[in-house]
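Following: one structure in C-alpha cells, then a few remarks.
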Amino acid sequence: MKKLLLALSLLILASCQVTKENGVKATNSNGFVSSGGVLSSVQCAQSTTVTNAQGIIYEATAVNYAAGDATGSFEDRVKALLSASILPQNIGSISGQQSASTGMRFSGKIILDTNGNVLSSKSKITISVYDSIWLSDYAINTGARGIDLSFDPTRAGHSITGQFNQQTGVGTLLLKDSYGEIRFEGKFDAQNFSGIVKFQNLVSVVGAVTKGTVGDFSIPRCAITQ
C-alpha cells in the first residue's frame with residue numbers, strides 16, 4: 001500500500017511539473033489567457049453568447065465639455081457627430097433615454113488577443129441612429145433602416161484599434177474612417193462593456209468641424225465579444 005501511495009504521489013508531482021515547465025495556459029473561446037484578471041474571468045461560449053443584442057448609447061449622467069466640444073442636448077450632440085455627412089435639418093428628433101423608441105444603438109464584435117489588444121481584421125462595429133423620421137417610416141415599412149455608421153477594417157480607410165488591461169478590463173476602442181473617429185472609453189466587467197462615447201470629425205457639411213462627447217454606453221459583454 002505504501003508503495004502504491006508513493007507511486008501515485010510521484011505521478012501527480014510529475015504531471016504538475018510538466019504543466020509548469022511547458023508554461024501551458026488555458027484559453028477561452030475568445031483567445032483570452034485564463035491566468036486571472038477581468039478579461040479572462042468570463043468565457044463567452046457559443047451556447048451562452050447573447051445573440052442579436054444591441055448596445056445602447058444614451059444621455060450621460062454628466063458631460064465634461066472641453067474647449068471646442070459640441071454642446072447642447074443629447075440630440076444636438078448626435079446631430080453634431082452626424083454633421084460629417086448629413087445636414088442636421090435632415091435628421092429627426094432623437095431621444096437620449098434608454099427605453100425610448102428613438103435613440104442610438106450599436107452592435108458587432110470585438111476580438112482581443114491574449115494581451116488585450118483589439119484584432120482589427122476580425123472586429124466589426126455598426127452604430128445606428130434611429131430618429132423620428134425612421135420611426136415614422138418604420139410604422140408603414142418594417143424594412144426601414146436607421147442611419148448606420150459602419151466600421152469594417154476590410155474596407156479602405158477603415159480601422160478598429162484599441163487595448164484593454166487584462167486585469168482591470170479598462171481600455172479604449174477606437175473606430176476610424178474618412179469622416180473621423182469615434183472612441184469608446186470604458187471597461188469590461190463580468191457582465192457588460194460600458195463607459196462613454198466621444199467623437200472627432202474630420203469633415204463637415206455645415207462648415208465647422210465638430211468634436212465632443214455623445215453620451216454613455218453599455219452592452220452585454222457576451223454580445224460584443226462573441
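These numbers come from a predicted model, not from an experiment.
Considering OG of Ser93 and CD1 of Ile133, their distance stands at 8.5 Å, rounded to 0.5 Å. Rounding to the nearest 0.5 Å places CD of Gln163 at 9.0 Å from OG1 of Thr172. Note that NZ of Lys124 and CD1 of Ile111 are 11.5 Å apart. Values are rounded to the nearest 0.5 Å. From Ile110, atom CD1 reaches atom CZ of Arg221 across 10.5 Å, with rounding to the nearest 0.5 Å. For the atom pair CG (Asp69) and CD (Gln200), the distance works out to 9.0 Å, reported to the nearest 0.5 Å. One distance of note links CD1 of Ile224 with CD1 of Ile125; it measures 3.5 Å at 0.5 Å rounding.
In this structure, Ser123 contributes its side chain and Leu119 its backbone to a donor-acceptor pair below 3.5 Å. Between the side chain of Gln166 and the backbone N or O of Thr114 there is at least one donor-acceptor pair closer than 3.5 Å. Using modelled atom types, one side-chain atom of Ser120 and one backbone atom of Ile160 make a donor-acceptor pair closer than 3.5 Å. In this structure, Asn115 contributes its side chain and Asn117 its backbone to no donor-acceptor pair below 3.5 Å. Put simply, the side chain of Asp137 never gets that close to the backbone of Ile140: no donor and acceptor are under 3.5 Å apart.
For the pair Val197 and Ile127, the minimum side-chain heavy-atom distance is 4.5 Å or more. Using a 4.5 Å heavy-atom threshold, the side chains of Asn201 and Leu81 count as touching. Contact of the Leu149 side chain with the Val129 side chain is not registered, since no non-hydrogen atoms from C-beta on lie closer than 4.5 Å. Here the side chains of Leu112 and Val118 are in contact, with some heavy-atom distance below 4.5 Å. Looking only at side-chain heavy atoms (C-beta outward), Phe151 and Leu173 stay at 4.5 Å or farther from each other.
Listed here is the closest heavy atom pair of Val206 and Ser83: CG2-CB, 4.0 Å. A pairwise comparison of heavy atoms in Gly92 and Lys79 identifies O-CE, 3.4 Å as the closest pair. Closest approach of Ile196 and Gly215 over heavy atoms only: CG1-O, 3.3 Å. Here the shortest heavy-atom pairing between Glu75 and Ile94 reads OE1-N, 3.1 Å. In this structure, Ser85 and Tyr179 approach most closely via the heavy-atom pair CB-CE2, 3.7 Å. Of all heavy-atom pairs between Ala80 and Ala70, the closest is CB-CB, 3.6 Å.
Of the candidates Ile147, Val214, Ile57, Asp131, Val214 is the only one forming a side chain to side chain contact (heavy atoms under 4.5 Å, CB included) with Val78.
Hydrophobic clustering of Ile, Leu, Val, Met, Phe, Trp and Tyr side chains at less than 4.5 Å, counting indirect connections, keeps Ile182 apart from Val63. The hydrophobic clustering, which links ILVMFWY residues whose side-chain heavy atoms are closer than 4.5 Å, places Phe74 and Trp134 apart. Note on Val209: it does not cluster hydrophobically with Ile91, by side-chain heavy-atom contacts below 4.5 Å among ILVMFWY residues.
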| Derivation of the side-chain contact (heavy atoms from CB on, under 4.5 Å) call for Val205 and Ile86 | CA-CA 7 Å; Val205 295; Ile86 305 175; 5.7 Å; no
| request: Apply the test side-chain hydrogen bond (donor to acceptor under 3.5 Å, both in side chains) to residues Asp148 and Ser150: give CA-CA distance (whole Å), side-chain angles for both, the deciding distance (0.1 Å), then the verdict. | output: CA-CA 6 Å; Asp148 286 344; Ser150 297; 5.1 Å; no
| Verdict with supporting geometry, Thr71 and Asp76, side-chain contact (heavy atoms from CB on, under 4.5 Å) | CA-CA 7 Å; Thr71 59; Asp76 293 333; over 6 Å; no
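Heavy atoms from other residues, nucleotides or ligands lying under 6.0 Å from NZ of Lys176 number 12 at most.
Ring geometry, Phe193 versus Phe217: the interplanar angle exceeds 60°, so the pair is classed perpendicular (tilted spans 30 to 60°).
Its side chain within the 4.5 Å cluster rule, Tyr58 clusters with Ile56 among the Ile, Leu, Val, Met, Phe, Trp and Tyr residues.
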Side chains of residues 96-104: which donor-acceptor partners sit under 3.5 Å, not counting sequence neighbours?
unit_1 : atom_1 : unit_2 : atom_2 : d
Thr102 : OG1    : Ser95  : N      : 3.1

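Salt bridge annotation for Glu59-Arg77: present, with a cationic side-chain nitrogen under 4.0 angstrom from a carboxylate oxygen.
Tyr130 has its ring centre no less than 6.0 Å from the ring centre of Tyr138.
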